[in-house]
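Below, all heavy atoms of this structure are taken into account, side chains as well, without hydrogens, waters or symmetry copies. Here the structure is a predicted model, which means the values were calculated and not measured. For this chain, numbers begin at 1 and follow the sequence in order.
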Amino acid sequence: MGNPLQLKSLNHISLVCRSLEKSVDFYVNVLGFFPIKRPTSLNFNGAWLFNYGIGIHLLQSDDPEGMTRNLHINPKDSHISFQCESMGAVENKLQQMKIEYVKNRVEENGIYVDQLFFHDPDGSMIEICNCDNIPVVPLSDNNSLWSCSRFNCNIRNQHNQIQQMIPM
C-alpha cells in the first residue's frame, strides 16, 4: 500500500461561504475553532481557523447569492466529522443553540457509534460522533487494529505541538 506521495497528515479543508462573518462566528462559537494569522499575500477575502489538529480556511464567495444551499440534512451527503467527549452534551448544546440536527446510530458487531448531523450557515454538513468506539480495521493482510482515539488530538496536545514548533 505504502505512501506514494509521502503524505504526513490532513492540513486543512477549504470552504466557500456566503458570509465570511457568519461562517467565522459559527466555526468559532459552535465548533470551537480559533482564528489564526492568514498570509497577507492572499488578495481575496477569507479567514483561517484552527483546532483539533486541523485548519479550516473560509473563503468569501464572489457570488454569495448564486450559491446553492442544501436545506435537507442527509447523513449520506459529503461532510466533515468531529469526535466528541459526550454525545449527550453536544446534543444539549445544539438544542440550546437552536441548531437543527439529525441523529443516527451505526452498529458493527455490537459496537455502537452515535452521530449528530447538522449544517453550517452555508449548508456544509457537519457530523459529531463518538466514532472512537469502533476500531479502525485495515482491509489488508496487516492484522493491525487501531482505535480512532489513537489519532485524536486534544487541545493540550495541540498546545504542546505548537510550543515545540516555536523556537525558544
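The backbone N or O of Ile111 lies less than 3.5 Å from no partner atom in the side chain of Glu108, so there is not a single donor-acceptor pair. Judged purely by atom type and a 3.5 angstrom limit, Gln83 has no side-chain atom pairing as donor or acceptor with the backbone of Cys129. Within the 3.5 Å criterion, the main-chain N or O of Asn109 finds a donor-acceptor partner in the side chain of Glu107.
Pro138 and Val136 make their closest contact through CD-O, 3.5 Å (heavy atoms, listed as atom of the first residue, atom of the second, distance). For the pair Asn104 and Gln115, the tightest heavy-atom approach, listed with the atom from each and the gap, is ND2-OE1, 2.7 Å. Residues Pro121 and Lys22 approach most closely at CG-O, 3.8 Å, considering heavy atoms. The minimum heavy-atom distance linking His72 with Asp77 is given by the pair O-OD2, 4.1 Å. Here the closest heavy-atom approach between residue Trp48 and residue Lys37 is recorded as CE3-O, 3.6 Å.
Under the 4.5 Å side-chain heavy-atom criterion for Ile, Leu, Val, Met, Phe, Trp and Tyr, Val30 and Met125 are members of distinct hydrophobic clusters. Hydrophobic cluster membership is shared by Ile36 and Leu42, with clusters built from Ile, Leu, Val, Met, Phe, Trp and Tyr side chains linked at under 4.5 angstrom. Both Ile80 and Tyr52 are assigned to one and the same hydrophobic cluster, defined by single-linkage of ILVMFWY side chains at heavy-atom distances under 4.5 Å. There is no path of hydrophobic side-chain contacts, each under 4.5 Å, that joins Ile73 to Val113.
Ion pairing between Arg18 and Glu65 fails under the 4.0 Å rule for side-chain N and carboxylate O.
In this structure the side chain of Glu91 reaches within 4.5 angstrom of the side chain of Tyr101, judged on heavy atoms. Val28 places a side-chain heavy atom less than 4.5 Å from the side chain of Leu49. Looking at Asn51 and Tyr27, their side chains never come closer than 4.5 Å, going by heavy atoms from C-beta outward. Side chains of Val16 and Asp122 form no contact here, defined as non-hydrogen atoms less than 4.5 Å apart. Within the 4.5 Å cutoff, the side chain of Ile128 has no heavy atoms near those of the Ser81 side chain. Side-chain contact between Asn11 and Ile54: absent, with no pair of heavy atoms (C-beta onward) separated by less than 4.5 Å. Considering only heavy atoms from C-beta on, Tyr112 stays 4.5 Å or farther from Asn133 through its side chain. Residues Cys17 and Leu59 fail the side-chain proximity criterion, which asks for heavy atoms closer than 4.5 Å.
Taking CG from Asn70 and OG from Ser78, the interatomic distance works out to 10.0 Å, rounded to the nearest 0.5 Å. To the nearest 0.5 Å, the span separating OG on Ser19 from CG on Asp25 amounts to 9.0 Å. In this structure, NZ on Lys93 lies 14.5 Å from CG on Leu116, to the nearest 0.5 angstrom. Separation of atoms CG (Leu15) and OG (Ser61) is listed at 12.5 Å; rounding is to 0.5 Å. Atom NE2 in His12 sits 10.5 Å away from atom CG in Leu58 (nearest 0.5 Å). Rounded to the nearest 0.5 Å, atoms CD (Gln96) and NZ (Lys98) are 9.0 Å apart.
Between Phe82 and Phe33, the gap from one ring centroid to the other is short of 6.0 Å.
The environment of Asp63 atom CG is dense: over 12 non-hydrogen atoms of other residues, nucleotides or ligands sit within 6.0 angstrom.
With sequence neighbours excluded, the residues satisfying salt bridge (charged side-chain N to carboxylate O under 4.0 Å, His left out) with Asp114 are Arg105. With sequence neighbours excluded, no residue forms a salt bridge (charged side-chain N to carboxylate O under 4.0 Å, His left out) with Glu100. Qualifying side chain to side chain contact (heavy atoms under 4.5 Å, CB included) partners for Leu71, counting only residues two or more places apart in sequence or in other chains: Arg69.
The aromatic rings of Phe117 and His79 sit perpendicular to each other, their planes meeting at more than 60°, with 30° as the lower class boundary.
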